[in-house]
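In what follows, a structure is listed as structure tokens, so that the remarks can point back to it.
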Amino acid sequence: MENRDVKLIEKILSLKRERNAVILAHNYQLGEVQDIADFVGDSLELSQNAAKTDAEVIVFCGVHFMAETAFILCPDKIVLFPDMSAGCPMANMITAERLKERKRQLPEAAVVCYINSTAEVKAESDACCTSANAVKVIEGLDAEEILFVPDQYLGHYVSTKTHKKMSLWPGYCPTHIRIRSENITELRQEYPQAKVIVHPECRADVIALADEVLSTGGMCRYARRDDVSQMIVGTEIGIIHRLKKENPGKRFIPASEQAICPNMKLITLEKVLWSLEEMAPQVRVLEEIRLEAKAAVDRMIEVV
Ligand code: 13P
Ligand code: SF4
């Protein structure tokens, strides 16, 4: 490790103690950011962790909707988000106004929003879900008709696992659609022993070729199995850092080197340090919206 990084990390850790802060990082964060975090996980695990932490300050290393969800669950805490421009393009493919319009067209449908959505969209939804619990949340609702927003690919995957009637919003993740079925077919030939694990944000033809469809947290658990020694990983490549670190000796092959989420990479050690020094930028949500959004998030947490 470079001397500059050692100094930076020392400063972050000492300021973190001083501020009574906890650092939460998503599995796609830069390796150096994952390495200084108190907890690294998927969207569901990060929300659960935020909800139960005793720290007064949460430094959230991920994208905006994740920090916003932490605030929705813990309004008494300060949620620092080191780069306000780190948004999720899929979350921005729907607005509350457009959702309201669609709800008027489907008055019988219960609205389930993927956690990759803004607080305003969550506030317009009956329940929230993540890639780890989407099927369970939808099965747990009384309604037979579901409007699922904003990810059409996760929505389509869920529709193959439930008998409910599902209408899908046409959103998608620009990073996961870069993974193509040809990538999987070629890599399977090259690594015939490898298991193919993909995220449900992938295209349906990619999902059809997979051995398992898992959230990023699910992938990390799967990689620990004794019968897995090689994995073709169909998700954002930042996760490879954690997979390798936790499973020395095993081989992890990215399904596509192009599967990079540029927004996830905006959080750096320097920005984490500045946010702790300045106690800014902070993510907040208007109380009226927060309460409505929290009802949708709570519904998800009750189910899992
Ligand atoms: P996970 O909840 O599976 O970590 O997914 C979050 C995400 O943004 C995937 O692109
Ligand atoms: Fe959003 Fe896709 Fe990035 Fe996940 S990988 S944060 S869904 S753009």
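Just so it is clear, the values below take in all heavy atoms, side chains as well, and ignore hydrogens, waters and symmetry mates. We count ligands from 1, going down the list as the structure has it; atoms in each ligand are counted the same way.
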Short side-chain donor-acceptor distance under 3.5 Å, N263 and H64: no
Atoms in ligand 1 flagged as close to Y28, the criterion being non-hydrogen separation under 4.0 Å: 7 (C), 9 (C), 10 (O)
Option with minimal heavy-atom separation from atom 1 (Fe) of ligand 2, where the choices are S131, C88, P150: C88
Sidechain N-carboxylate O distance under 4.0 Å for R224, E246: yes
Numbering as shown, the atoms of ligand 1 that approach S215 to under 4.0 Å (heavy-atom distance): 3 (O)
Top protein contact for atom 2 (Fe) of ligand 2, by heavy-atom distance: C173 SG, 2.3 Å
CZ/R178: more than 12 non-hydrogen atoms of other groups inside 6.0 Å: no
Identity and separation of the nearest protein heavy atom to atom 5 (O) of ligand 1: H199 NE2, 3.3 Å
Heavy-atom nearest neighbour in the protein, as seen from atom 6 (C) of ligand 1, with distance rounded to 0.1 Å: S43 OG, 3.4 Å
Non-hydrogen side-chain atoms of T216 and Y28 separated by less than 4.5 Å: yes
Where ligand 1 meets H176 - atom numbers and elements under 4.0 angstrom, heavy-atom basis: 10 (O)
E201 neighbourhood, listing ligand 2 atoms whose heavy-atom distance to it stays under 4.0 Å: 2 (Fe), 7 (S)
Ligand 1 versus E236: contacting region, heavy-atom distance under 4.0 Å: neither
Min heavy-atom dist M219 to ligand 1 below 4.0 Å: no
Under-4.0 Å salt bridge between E302 and R299: no
E236 heavy atom under 4.0 Å from ligand 2: no
Derivation of the side-chain contact (heavy atoms from CB on, under 4.5 Å) call for K122 and I115: CA-CA 8 Å; K122 288 185 176 77; I115 196 163; 3.9 Å; yes
Under-4.0 Å salt bridge between R221 and E45: yes
Pair D227 + R225: basic N to acidic O under 4.0 Å: yes
Numbered atoms and elements of ligand 2 in range of V63, under 4.0 angstrom, heavy atoms: 6 (S)
Y172, OH: over 12 other non-hydrogen atoms inside 6.0 angstrom: no
Among T175, I177, N116, closest by any non-hydrogen atom to atom 4 (Fe) of ligand 2: N116
Heavy-atom nearest neighbour of atom 8 (S) of ligand 2 within options A259, A86, S43, P89: P89
Check: A280 main-chain N/O paired with E278 side-chain donor or acceptor under 3.5 Å: no
Close approach, H26 and ligand 1, non-hydrogen under 4.0 angstrom: yes
Region of T130 engaging ligand 1 - heavy atom pairs below 4.0 Å: neither
E186/R180 salt bridge by N-O under 4.0 Å criterion: no
Region of D151 engaging ligand 2 - heavy atom pairs below 4.0 Å: neither
4.0 Å heavy-atom contact, S131 with ligand 1: yes
Residue from I36, L80, L8, D83 passing side chain to side chain contact (heavy atoms under 4.5 Å, CB included) with V272: I36
Taking atom 8 (O) of ligand 1 as the reference point, the nearest protein heavy atom with its distance: N116 ND2, 3.2 Å
E201-ligand 1 polar pair, N/O distance under 3.5 Å: yes
Selection from G87, C261, A91 by shortest heavy-atom distance to atom 3 (Fe) of ligand 2: C261
More than 12 heavy atoms from other groups under 6.0 Å of NZ on K244: no
